[in-house]
Amino acid sequence: QVQLVESGGGLVQAGGSLRLSCAASGRTFSSYAMGWFRQAPGKEREFVAGISWNGYYTDYADFVKGRFSISRDNAKNTVYLQMNSLKPEDTAVYYCGRQRQNTLPVRQSAAYDYWGQGTQVTVSS
């Protein structure tokens, strides 16, 4: 079984920062690429950031480049998303996902087979 649990979401003013964590259970965590996605009300889930199994390769959506940073600590079975310079349009539920295949990060949500419950991020003006 694989279980992912996100934490770190909350309410923050525009320009502020949050650090999301995704704690994973299961013995194969270190062998899979991981990704962060977000979903706002009435919108489809969209890719935010991805990271390879060894942490050497990362990928970011254009709208977060220079503001967000993804990282992982396989010894702690945890993936992080550092979010800086937050904007109201960043408001969404943020999800951590495990990619089906051990490849470089993929942007399509269908490529991920396990998801956390999500953590709400709300950015006020």
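Because the structure is a prediction, the values reported are computed rather than measured. All values below come from the heavy atoms of this structure, side chains included, with hydrogens, waters and symmetry mates left out.
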[X] (side chain) donor-acceptor with [Y] (main chain) under 3.5 angstrom:
X     : Y      : value
Glu46 : Ala40  : no
Tyr60 : Ile70  : yes
Thr91 : Val123 : yes
Arg67 : Gln82  : no
Glu6  : Thr119 : no

* To do: Going by the side-chain contact (heavy atoms from CB on, under 4.5 Å) test, name the single residue among Leu81, Leu11, Leu18 that passes it with Val121.
  => Leu18
* In terms of the angle between their ring planes, are Tyr94 and Phe68 parallel, tilted or perpendicular, with boundaries placed at 30° and 60°? -> tilted
* **Enclosure of Glu89 CD (heavy-atom neighbours >12, cutoff 6.0 Å)** => yes
* Exceeds 12 heavy-atom contacts within 6.0 angstrom, atom CZ of Phe63 -> yes
* Heavy-atom side-chain proximity of Trp36 to Cys96 below 4.5 angstrom -> yes
* With a 4.5 Å limit on heavy-atom distance, are the side chains of Ser52 and Pro105 in contact? -> yes
* Under 4.5 Å between side-chain heavy atoms, hopping through other hydrophobics if needed: is there a path connecting Leu20 to Tyr114? -> yes
* Asked: In terms of hydrophobic clustering (I, L, V, M, F, W, Y; side-chain heavy atoms under 4.5 Å; direct or indirect links), are Val79 and Tyr95 co-clustered?
  -> no
Heavy-atom pair of closest approach, residues [X] and [Y]:
X     : Y      : answer
Gln39 : Ala92  : O-CB, 3.5 Å
Gln99 : Val106 : OE1-N, 2.7 Å
Lys76 : Thr78  : O-OG1, 2.8 Å
Asn84 : Ser17  : OD1-OG, 2.9 Å
Leu4  : Gln117 : O-OE1, 3.7 Å

* OG1 on Thr58 to CG on Leu104, rounded to 0.5 Å -> 10.5 Å
* Say you draw a straight line from CG of Asp113 to CZ of Arg100; how long is it, rounded to the nearest 0.5 Å? -> 5.5 Å
* In terms of side-chain geometry, is the basic nitrogen of Lys87 or Asp90 positioned less than 4.0 Å from the acidic oxygen of its partner? -> no
* To do: Using the side-chain contact (heavy atoms from CB on, under 4.5 Å) rule, take Val2 and Tyr32 through it: C-alpha gap first, then chi angles, then the decisive distance, then the call.
  => CA-CA 12 Å; Val2 176; Tyr32 292 87; over 6 Å; no
* Proximity of Tyr112 and Phe37 rings by center, below 6.0 Å -> yes
* To do: Evaluate the side-chain contact (heavy atoms from CB on, under 4.5 Å) criterion for residues Arg19 and Ser71: first the C-alpha distance (whole Å), next the side-chain angles of each, then the deciding distance (0.1 Å), finally the verdict.
  => CA-CA 11 Å; Arg19 185 175 179 84; Ser71 62; 4.1 Å; yes
